[in-house]
Amino acid sequence: MKESALLEKLKETAKGLKVDIQTVNIRKYVHNVKGGLCLVNGQYRIILDKGLHLSEKIDVVSTALQKFDIASIALDPD
């Protein structure tokens with residue numbers, strides 16, 4: 001599976017879990033931060049630095065989604 005397709009699958013999974021994904025320019029404010037999971041007003045969000053390479057975005061999103069029970073969501077084995 002191509003990285004772009006994998007990232008889209010991860011985004012769909014996040015959406016199914018009601019987790020918003022936001023891409024922002026984190027480096028403008030903080031150095032050496034790629035992003036991650038946070039809780040804002042009771043709503044989970046995954047924040048991604050917009051300057052990340054595709055593989056780094058996949059790493060951040062997949063790591064964040066590991067915090068959730070995804071057993072009820074049908075996932076592609078790839």
Side-chain angles (χ1 to χ4, degrees):
M1 178 180 288
K2 291 186 176 184
E3 286 185 329
S4 57
L6 178 56
L7 183 58
E8 287 308 311
K9 291 282 187 184
L10 289 170
K11 286 182 177 183
E12 288 173 19
T13 302
K15 186 176 180 178
L17 293 167
K18 296 183 176 37
V19 176
D20 291 329
I21 297 179
Q22 294 179 322
T23 304
V24 296
N25 189 4
I26 296 174
R27 288 185 231 180
K28 182 177 178 180
Y29 306 103
V30 182
H31 298 289
N32 298 324
V33 176
K34 295 180 180 182
L37 181 68
C38 63
L39 185 64
V40 178
N41 295 326
Q43 175 69 36
Y44 282 104
R45 293 183 187 171
I46 298 172
I47 308 296
L48 294 172
D49 183 69
K50 74 176 191 175
L52 294 177
H53 295 285
L54 198 52
S55 61
E56 292 174 308
K57 289 179 182 180
I58 291 168
D59 287 342
V60 171
V61 175
S62 62
T63 299
L65 291 178
Q66 290 177 13
K67 309 281 189 218
F68 297 92
D69 178 19
I70 58 172
S72 63
I73 298 174
L75 296 174
D76 186 341
D78 291 335

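From a predicted model like this one, the values you see are computed outputs, not experimental measurements. One-based numbering along the sequence shown.
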Report summary line: Given the options D20, I21, T23, I46 meets side chain to side chain contact (heavy atoms under 4.5 Å, CB included) only with I21

**Report entry** Those residues that, when tested against S4, pass side chain to side chain contact (heavy atoms under 4.5 Å, CB included) (two or more places apart)
**Finding:** K2, L54

**Report entry** Single-linkage hydrophobic cluster L37~L7, side-chain heavy atoms < 4.5 angstrom
**Finding:** yes

Report task. Search all heavy atoms of F68 against all heavy atoms of V19 and return the closest pair with its distance. Result -> CZ-CG2, 3.7 Å

Review item, side-chain donor-acceptor pairs of residues 57-67, under 3.5 Å, at least two apart:
unit_1 : atom_1 : unit_2 : atom_2 : d
S62    : OG     : I58    : O      : 2.8
S62    : OG     : D59    : O      : 3.2
T63    : OG1    : D59    : O      : 2.7

Report summary line: d(E8 CD, T13 OG1) to nearest 0.5 Å is 11.0 Å

Query raised in the report: So which heavy atom on E3 is nearest to which on S55, and how close?
Result: OE2-CB, 3.4 Å

Requested in this report: Sequence neighbours left out, what passes side chain to side chain contact (heavy atoms under 4.5 Å, CB included) with K15? Give chain and number order.
Outcome: none

**Report entry** ILVMFWY cluster membership beyond V40 - transitive side-chain contacts under 4.5 angstrom
**Finding:** none

Query raised in the report: Are V33 and V24 in one and the same hydrophobic cluster, where Ile, Leu, Val, Met, Phe, Trp and Tyr link if side-chain heavy atoms are under 4.5 Å apart?
Result: yes

Requested in this report: Would you check, one step at a time, whether the test side-chain contact (heavy atoms from CB on, under 4.5 Å) holds for N25 with D49?
Outcome: CA-CA 5 Å; N25 189 4; D49 183 69; 4.0 Å; yes

Query - Pairs flagged by salt bridge (charged side-chain N to carboxylate O under 4.0 Å, His left out) wherever residues 28-45 is involved - sequence neighbours left out - result: K34-E56

Query raised in the report: If you round to the nearest 0.5 Å, how far is CG of D69 from CG of L17?
Result: 8.5 Å

